[in-house]
Chemist: 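After the structure tokens below, expect a handful of questions from me.
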Amino acid sequence: MNMLVTAPYSNEALQQLERYGTVHFRPWKPHGRAFHSDELIRLLQETGADALITEHDHVDASVIETANLKFIGVCRGTPSNVDVAAATRRGIPVFNTPARNAQAVAELVTAALIVFLRKMREGEAWLKSGQWKQDAHESYLYFRGHELCGRTVGMVGFGGVGQRVAAVLSGFDCKIQYYDPYLKQPPKPEYVPLSLEDIFSTSDIVSIHLPVTAETTGSINERLFGMMKPDAIFVNSARASVVQRDALYSALKERRIGGAILDVFYNEPPDASDYELISLPNVYATPHIAGASFEVDGYSVKIMNDVLKEWFVHGNRSIRQLVNPSVLPLLESQQTAL
């Protein structure tokens with residue numbers, strides 16, 4: 001094989017790929033942004049690559065139709081940058097790296113909750129603006145907050161990322177409950193499965209960990225926000241489109257819920273409506289950095305290289321990182337024809 005790798009890869013990991021053929025390393029990060037489809041087509045043509053490992057590049061139908069690829073590896077949990085349907089039509093397996101950023105997301109969510117509950121942003125702004133001028137106990141009275149310990153946390157979606165967030169929060173003696181209709185058994189006996197409505201009505205913190213599908217898009221709506229406790233915190237580090245923005249904005253603006261921690265937005269960069277939401281005083285917003293740790297690159301690469309070993313060395317066709325299993329019959333028919 002002749003592989004084009006635009007995802008971040010270490011020298012050691014690239015050497016592991018060489019067991020399958022020639023490797024052309026053209027990482028997107030020094031480029032300053034993900035490669036657009038026309039740039040990716042040019043790279044594929046220049047290198048003569050017949051396999052692609054990407055992270056954020058735009059792998060649309062034009063790329064897939066132009067190149068005769070043996071596989072597409074996507075070093076991220078949700079391969080939203082790849083036209084998976086087009087790849088399937090061409091008989092191209094697409095692999096992903098689910099839960100690659102689980103630890104990074106878990107740490108940021110936990111940190112953000114502490115910052116929010118303990119009023120650390122407000123205290124820092126007050127201190128840096130030189131307002132501490134009266135009594136030594138002034139700050140204690142102004143910025144006394146709440147502890148994370150003992151809170152009831154409801155997870156909506158309980159895959160690899162959600163479960164890692166739960167594991168970290170369990171260290172704070174938080175009670176973990178979750179809604180995930182695709183999870184047949186609780187991962188741990190102490191994790192309590194509930195209906196979506198019960199998650200919203202009984203949790204002190206509701207944390208979203210849903211992928212974007214036809215089923216989940218806009219599923220977090222006015223009805224669910226209306227069930228939340230008046231001091232509850234809503235957290236979304238997954239995808240903005242699973243939440244109805246106007247419903248969330250109204251709940252926060254009218255202070256029907258305690259606040260929100262948001263790392264994802266409907267437009268990135270945000271548009272004017274996004275900034276209206278971001279600017280609310282009871283919103284703590286970060287610029288889609290929950291998974292942005294240096295360590296995540298290493299996790300992605302390890303998962304991807306393990307997947308390729310299973311596929312090409314061991315002939316395993318039931319790996320869970322195969323995004324489009326419906327491609328298998330076509331691959332089998334192509335093999336038979338050969």
Side-chain angles (χ1 to χ4, degrees), residues 8 55-56 75-78 80 96-118 120-121 145-180 182-183 185-194 199-200 203-212 216 220 232-240 242-243 258-265 268 283-304 306 320-321:
E55 186 180 28
H56 293 293
C75 289
R76 56 189 302 191
T78 303
S80 54
N96 69 340
T97 57
R100 64 170 186 143
N101 59 3
Q103 183 64 29
V105 173
E107 291 185 10
L108 185 134
V109 166
T110 303
L113 283 167
I114 293 171
V115 167
F116 190 94
L117 288 165
R118 296 300 300 275
M120 292 172 68
R121 292 177 303 151
H146 293 282
E147 296 177 3
L148 177 58
C149 181
R151 300 274 163 178
T152 296
V153 182
M155 319 293 288
V156 181
F158 209 44
V161 175
Q163 289 180 36
R164 189 60 201 153
V165 174
V168 173
L169 291 176
S170 294
F172 290 83
D173 292 331
C174 290
K175 175 187 175 183
I176 304 299
Q177 49 195 29
Y178 69 91
Y179 168 76
D180 192 323
Y182 299 99
L183 198 60
Q185 296 292 333
K188 293 185 177 181
E190 61 268 30
Y191 295 165
V192 181
L194 293 176
I199 288 291
F200 273 82
S203 300
D204 301 312
I205 298 161
V206 175
S207 189
I208 305 300
H209 301 282
L210 294 172
V212 177
T216 63
I220 309 304
I233 301 171
F234 179 79
V235 182
N236 191 2
S237 59
R239 287 291 183 269
V242 303
V243 180
I261 295 168
L262 305 175
D263 185 58
V264 289
F265 307 98
E268 296 182 2
V283 169
Y284 180 32
T286 50
H288 203 157
I289 56 172
S293 75
F294 289 103
E295 290 78 8
V296 164
D297 289 348
Y299 301 148
S300 297
V301 165
K302 184 180 186 310
I303 295 170
M304 182 57 64
D306 287 348
R320 68 185 183 91
Q321 296 90 352

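Along the sequence shown, residues are numbered consecutively beginning with 1.
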Chemist: Can you tell me how far apart OH (Tyr284) and CG (Leu113) are? Round to the nearest 0.5 Å.
Modeler: 10.5 Å

Chemist: Atom CG of Asn236 and atom OG of Ser207: how far apart are they, to the nearest 0.5 Å?
Modeler: 8.0 Å

Chemist: Measuring from Ile176:CD1 to Glu190:CD, what's the distance to the nearest 0.5 Å?
Modeler: 9.0 Å

Chemist: Measuring from atom NZ of Lys175 to atom OG of Ser170, what distance do you get when rounded to the nearest 0.5 angstrom?
Modeler: 12.5 Å

Chemist: For a 4.5 angstrom cut-off between non-hydrogen side-chain atoms, does Arg320 reach Pro98?
Modeler: yes

Chemist: From Arg164 CZ over to Thr110 OG1, what is the distance, rounded to the nearest 0.5 angstrom?
Modeler: 9.5 Å

Chemist: Donor-acceptor pairs are to be reported for all side-chain atoms of residues 146-158 against protein atoms at under 3.5 Å, with residues two or more places apart or in another chain.
Modeler:
{"from": "Arg151", "atom 1": "NE", "to": "Glu147", "atom 2": "O", "distance (Å)": "3.1"}

Chemist: Do Pro211 and Arg239 have side chains that approach each other closer than 4.5 Å (heavy atoms only, starting at C-beta)?
Modeler: no

Chemist: State, yes or no, whether a side-chain contact exists between Tyr179 and Pro193 at a heavy-atom distance under 4.5 Å.
Modeler: no

Chemist: How close do Phe265 and Pro287 get, heavy atom to heavy atom, and via which atoms?
Modeler: CE1-CA, 4.4 Å

Chemist: Is any side-chain heavy atom of Val115 closer than 4.5 Å to a side-chain heavy atom of Arg121?
Modeler: yes

Chemist: Is the backbone of Ala232 close enough, under 3.5 Å, to the side chain of Asp204 for a donor and an acceptor to pair up by distance?
Modeler: no

Chemist: Mind checking whether Ile261 and Ile205 have side chains closer than 4.5 Å, heavy atoms only?
Modeler: no

Chemist: With rounding to the nearest 0.5 Å, note down the distance linking OG1 in Thr78 to CG in Asn96.
Modeler: 7.5 Å

Chemist: Give every residue pair that meets the salt bridge (Lys or Arg N to Asp or Glu O under 4.0 Å) criterion with at least one member in residues 290-304, sequence neighbours excluded.
Modeler: Lys29-Asp297, Lys302-Asp306

Chemist: Under the 3.5 angstrom rule, does the side chain of Arg76 hit a backbone N or O of His56 as a donor-acceptor pair?
Modeler: no

Chemist: With side chains defined as the heavy atoms from C-beta onward, is the minimum distance between Ile199 and Gln177 less than 4.5 Å?
Modeler: yes

